Asks: 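The structure under discussion is supplied below as structure tokens; questions concerning it will follow.
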Amino acid sequence: MIRQALIAGGGIGGLAAALACVRGGWEVRLFERAAVFSEVGAGIQLGPNVTRALIAWDLAGALKDLAAFPSQLQVRDALRGRELGALALGDAIAQRYGAPYATVHRADLHQMLLAQLCRHGGAKLRLGHSVEQFTQTADAIVVRARRTGVTGSRVQDAEIEGDALVGADGLWSAVRRGLLGDAAPRVTGHLAYRALVPQASLPARLRSSQITVWLGPRLHLVQYPVRRGEWLNLVGVVHAGRGVARVLADPQNWDNVTDGAELRAVLAGNCAALVDLIHAVGGWRLWVLCDRLPVAGAGELARGRTALLGDAAHPMRPYLAQGAGMAIEDAAELGRALQQALDPAFDVATMLARYAQSRWQRVARVQRRSARNGLIFHAEGPLRWGRDAALRAIGTRLLDQPWLYAGA
């Protein structure tokens with residue numbers, strides 16, 4: 001029996017879903033709004049729970065060639081520069097969880113998934129098309145795909161029939177809107193500054209082979225290597241000020257270019273090592289962080305022949321570094337569920353409901369923990385003092401996440 005999955009969105013979640021589906025014996029049609037496949041340059045952390053899935057998709061070699069594998073995770077006080085706690089990564093975490101902890105350039109991960117999908121076959125990729133509407137019955141689903149960037153009365157929307165629809169079309173998902181009809185994502189009031197710098201262009205004292213998290217009042221910054229350690233990725237998150245009203249006015253634009261003057265002003269007065277690092281960076285990209293309330297039940301992830309995945313299903317704050325990871329986990333579980341749906345004894349809607357049931361509590365927990373971490377990272381006053389004391393006393397235990405890294 002040949003089944004066809006229709007996938008809205010060609011980002012990391014959409015490509016991961018397409019790869020999982022074709023590996024599970026399904027044919028795929030993927031619709032991507034952009035005219036070409038591309039990803040904005042930024043880094044991603046991949047815990048063992050995520051690299052385990054990539055290895056299962058025969059991507060261990062590609063990951064080794066493209067990623068960095070940091071030696072440790074270190075937390076430092078942004079004001080004074082002192083270490084608060086550390087967790088050994090490298091071989092230690094790989095032995096503990098059976099898979100490594102990697103950091104990778106987002107574009108490299110995207111290209112790695114795309115190349116593997118093309119090698120596998122079974123997927124038709126339609127660029128310059130977005131899924132705007134869909135209808136579903138007990139027997140099939142029909143999507144209406146619109147050509148993007150084209151106007152005029154002669155332009156016709158294409159109608160394509162399939163057996164299942166996967167909404168992997170991101171934070172502002174049209175598939176989610178059609179399926180759940182809920183409100184827009186929440187604007188958190190936090191701004192993310194991102195930059196990538198060749199390590200060779202930095203003074204030796206600012207280069208790094210580890211993940212460092214700098215914690216300060218109402219802000220934090222994370223730095224780590226990508227691209228085999230040749231580049232340094234930086235992400236600074238601060239509470240929004242009046243100087244960035246233009247960004248807050250358009251939260252859907254996640255690729256604003258800035259010189260970072262606002263970030264340098266916010267970080268003035270912090271320790272010399274952090275200030276020097278920020279001043280060594282020229283250009284930054286800036287966007288508003290948005291999220292949704294934690295998933296409250298399986299019905300928010302799948303209904304009938306339609307399922308949601310990644311940010312379309314459970315957008316989260318980045319304070320647990322699991323946004324892309326949860327999308328890849330979703331894709332792996334979706335692939336297993338749809339593979340079972342090839343058996344006539346299991347219908348598609350039932351297996352998508354099973355996918356949702358197996359995922360919703362885990363992703364909701366990650367959403368809650370991510371939001372809580374934001375409060376802890378940006379703490380002030382007594383909460384900050386208590387956080388620092390706890391990290392100094394039992395930092396390794398607090399930084400390790402067995403429930404997360406050993407799961408899925």
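Throughout, numbering of the chain's residues begins at 1 and tracks the sequence. Bear in mind that the values here come from a model prediction, so they are computed numbers and not experimental data.
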Asks: Going by atom types alone, do D291 and H314 pair a side-chain donor with an acceptor below 3.5 Å?
Replies: no
Asks: Do Q322 and N49 pair up side chain to side chain, a donor and an acceptor below 3.5 Å, judged on atom types alone?
Replies: yes
Asks: If we ignore angles and hydrogens, is there a donor and acceptor under 3.5 Å between the side chains of Y224 and N233?
Replies: yes
Asks: Do you know which two heavy atoms are closest between M112 and A62, and how far apart they sit?
Replies: SD-CB, 3.5 Å
Asks: Could you tell me the separation between the CE atom of M326 and the CD atom of Q367, rounded to the nearest 0.5 Å?
Replies: 10.5 Å
Asks: How close do G167 and A312 get, counting heavy atoms only, and between which atoms?
Replies: O-CB, 3.4 Å
Asks: Are any non-hydrogen side-chain atoms of L191 and V288 less than 4.5 angstrom apart?
Replies: yes
Asks: Where do Y97 and Q401 come nearest, in terms of heavy atoms and distance?
Replies: OH-C, 4.0 Å
Asks: Can you tell me how far the NE2 atom of H279 sits from the CZ atom of R264, to the nearest 0.5 Å?
Replies: 6.0 Å
Asks: Are the side chain of R147 and the backbone N or O of H129 linked by a donor-acceptor pair below 3.5 Å?
Replies: no
Asks: Rounded to the nearest 0.5 Å, how far does CG of L19 lie from CG of L54?
Replies: 9.0 Å
Asks: Do P48 and I93 have side-chain heavy atoms sitting under 4.5 Å apart?
Replies: yes
Asks: Taking it one step at a time, do L6 and V131 satisfy side chain to side chain contact (heavy atoms under 4.5 Å, CB included)?
Replies: CA-CA 10 Å; L6 310 176; V131 173; over 6 Å; no
Asks: Assess the side chains of Q210 and T212: does a donor N or O sit below 3.5 Å from an acceptor N or O?
Replies: yes
Asks: Can you tell me how far CZ of R368 sits from CZ of R317, rounded to the nearest 0.5 angstrom?
Replies: 14.5 Å
Asks: Does T51 use its side chain to pair, donor to acceptor, with the backbone of A99 at less than 3.5 Å?
Replies: no
Asks: If I compare all heavy atoms of L301 with all of A356, which pair ends up nearest, and what's the gap?
Replies: CB-CB, 3.7 Å
Asks: Any luck finding a side-chain donor-acceptor pair between Q223 and W214 under 3.5 Å?
Replies: yes
Asks: Mark yes or no for whether S173, through its side chain, and D169, through its backbone, hold a donor-acceptor pair below 3.5 Å.
Replies: no
Asks: Determine whether more than 12 heavy atoms belonging to other residues, nucleotides or ligands lie under 6.0 Å from atom CG of D259.
Replies: yes
Asks: Do R305 and D163 have side-chain heavy atoms sitting under 4.5 Å apart?
Replies: yes
Asks: Taking CZ in R397 as the centre, count heavy atoms belonging to other residues, nucleotides or ligands within less than 6.0 Å. Is the count above 12?
Replies: no
Asks: Inspect the contact between R359 and E329 and indicate whether a charged nitrogen and a carboxylate oxygen are less than 4.0 angstrom apart.
Replies: yes
Asks: So do the side chains of L87 and L398 get within less than 4.5 Å of each other, counting heavy atoms only?
Replies: no
Asks: Could you give the distance from CG (D276) to CG (N270), rounded to the nearest 0.5 Å?
Replies: 12.0 Å
Asks: For Q74, does its backbone N or O pair with a side-chain atom of Q72 as donor and acceptor, under 3.5 Å?
Replies: no
Asks: Walk me through it: do Q116 and R119 pass the test side chain to side chain donor-acceptor pair (under 3.5 Å)?
Replies: CA-CA 5 Å; Q116 188 75 337; R119 280 192 293 268; 2.5 Å; yes
Asks: Can you check whether L334 reaches L352 side chain to side chain, under 4.5 Å on heavy atoms?
Replies: yes
Asks: Could you check whether any side-chain heavy atom of P100 comes within less than 4.5 Å of a side-chain heavy atom of L46, counting everything from C-beta outward?
Replies: no
Asks: Does D65 come within less than 4.0 Å of R228, counting only side-chain N to carboxylate O?
Replies: no
Asks: Do you know the tightest heavy-atom contact between A195 and G283?
Replies: CB-O, 3.7 Å
Asks: Where do R384 and H378 land on the side chain to side chain contact (heavy atoms under 4.5 Å, CB included) test, with the steps shown first?
Replies: CA-CA 8 Å; R384 174 171 167 261; H378 296 186; over 6 Å; no
Asks: A side-chain contact here means heavy atoms from C-beta on lying under 4.5 Å apart; do I141 and T306 qualify?
Replies: yes
Asks: Quick check: does any side chain N or O of R52 sit under 3.5 Å from a backbone N or O of G407, one acting as donor and the other as acceptor?
Replies: yes
Asks: What class does the angle between the rings of Y319 and H190 fall in, given that below 30° is parallel, 30 to 60° is tilted and above 60° is perpendicular?
Replies: tilted
Asks: Flag the pair R336 and E333 as a salt bridge only when some basic side-chain nitrogen lies within less than 4.0 angstrom of an acidic carboxylate oxygen.
Replies: yes
Asks: CG of D108 to CZ of R106: how many Å apart, nearest 0.5 Å?
Replies: 12.0 Å
Asks: Check for me whether R194 meets the cation-pi criterion with W284, that is, NZ or CZ under 6.0 Å from the six-membered ring centre and within 45 degrees of the ring axis.
Replies: no
Asks: Do the non-hydrogen side-chain atoms of I44 and H105 ever get within less than 4.5 Å of each other?
Replies: no
Asks: Applying side chain to side chain contact (heavy atoms under 4.5 Å, CB included) to R218 and E380, what does each step give before you reach the verdict?
Replies: CA-CA 7 Å; R218 296 171 61 83; E380 301 177 271; 3.5 Å; yes
Asks: Between E230 and Q199, does any side-chain donor sit less than 3.5 Å from a side-chain acceptor?
Replies: no
Asks: Dump the intermediate steps for side chain to side chain contact (heavy atoms under 4.5 Å, CB included) on L308 and L179, then the final yes or no.
Replies: CA-CA 9 Å; L308 301 175; L179 186 68; 4.0 Å; yes
Asks: Could you pull out the closest heavy-atom pair between I55 and A60, with the gap in Å?
Replies: CG1-CB, 4.0 Å
Asks: Salt-bridge test for E132 and R146: reply yes if a basic N is under 4.0 Å from a carboxylate O, no otherwise.
Replies: no
Asks: Does R292 pair with D311 as a salt bridge, N-O distance under 4.0 Å?
Replies: no
Asks: Indicate whether any N or O donor in one side chain lies under 3.5 Å from an N or O acceptor in the other, for D347 and T350.
Replies: yes
Asks: What I want to find out is whether R96 reaches D400 closely enough, with some N-O distance under 4.0 Å, to be called a salt bridge.
Replies: yes
